[in-house]
Amino acid sequence: MSTELQTKGQEAGLSVIPADNSMMAKTVIGQNGQALVDILKDSITKVQNDPDYIPQATAIRENIREIIDLAKVEAQTIVALNNFNSGK
């Protein structure tokens with residue numbers, strides 16, 4: 001996150017992730033984001049080439065949704081910890 005964006009968020013009274021993104025690197029998305037994107041791209045290609053792959057692609061999509069939900073909880077935790085540590 002850019003320092004400018006972080007400053008604007010703080011001025012607006014929003015909780016933001018630290019500018020150095022040190023916590024982001026430890027999250028599910030921070031550690032696995034590119035791999036998840038690659039899996040989705042591969043699934044799209046397979047579905048385009050083989051309609052029989054759709055049930056498997058649907059299962060992959062559901063699993064990735066669960067991972068995204070976990071990432072949302074992680075982000076909320078980071079914001080809460082950031083607020084706690086800053087005394088908000």
Side-chain angles (χ1 to χ4, degrees):
M1 176 179 297
S2 74
T3 304
E4 179 184 349
L5 182 58
Q6 182 176 13
T7 302
K8 287 182 180 184
Q10 288 171 339
E11 289 170 356
L14 301 174
S15 299
V16 293
I17 296 173
D20 65 5
N21 289 324
S22 59
M23 291 185 193
M24 180 61 186
K26 299 174 186 174
T27 65
V28 169
I29 298 298
Q31 293 177 352
N32 303 296
Q34 188 58 51
L36 296 172
V37 169
D38 292 343
I39 290 167
L40 288 174
K41 286 180 179 179
D42 184 53
S43 291
I44 290 167
T45 301
K46 288 179 180 177
V47 166
Q48 289 171 334
N49 294 327
D50 181 8
D52 292 335
Y53 186 77
I54 290 174
Q56 205 169 345
T58 300
I60 290 169
R61 182 193 67 211
E62 291 303 314
N63 287 327
I64 290 180
R65 281 185 180 167
E66 291 295 324
I67 292 169
I68 290 169
D69 287 343
L70 174 60
K72 288 176 184 178
V73 171
E74 286 180 329
Q76 291 168 342
T77 302
I78 290 169
V79 169
L81 288 172
N82 194 31
N83 287 340
F84 177 78
N85 291 333
S86 67
K88 289 185 179 181

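Numbering of residues begins at 1 and proceeds along the displayed sequence.
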How long is the span from the CG atom in Leu81 to the CD atom in Gln76, to the nearest 0.5 Å? 12.0 Å
If you measure from CG on Leu70 to CG on Asn32, what distance do you get to the nearest 0.5 Å? 10.0 Å
Sequence neighbours left out, what passes side-chain hydrogen bond (donor to acceptor under 3.5 Å, both in side chains) with Glu62? Give chain and number order. Arg65
Check: residues 52-59 side-chain donor-acceptor pairs under 3.5 Å, at least two apart:
unit_1	atom_1	unit_2	atom_2	d
Thr58	OG1	Ile54	O	2.9

ILVMFWY network linking Val73 to Val79, side-chain heavy atoms under 4.5 angstrom: no
Ile64 versus Leu36, closest heavy-atom pair with distance: CD1-O, 4.0 Å
For Lys46, enumerate each residue passing the side-chain hydrogen bond (donor to acceptor under 3.5 Å, both in side chains) test, keeping only those at least two apart in sequence or located in another chain. Asp42
Is Ile39 linked to Ile44 within one hydrophobic cluster, defined over Ile, Leu, Val, Met, Phe, Trp and Tyr using a side-chain heavy-atom separation of less than 4.5 Å? no
Apply side-chain contact (heavy atoms from CB on, under 4.5 Å) to the pair Val37 and Lys41, showing each step before the final yes or no. CA-CA 6 Å; Val37 169; Lys41 286 180 179 179; 3.7 Å; yes
Going only through I, L, V, M, F, W and Y residues with side-chain contacts under 4.5 Å, is there a path from Leu40 to Val47? yes
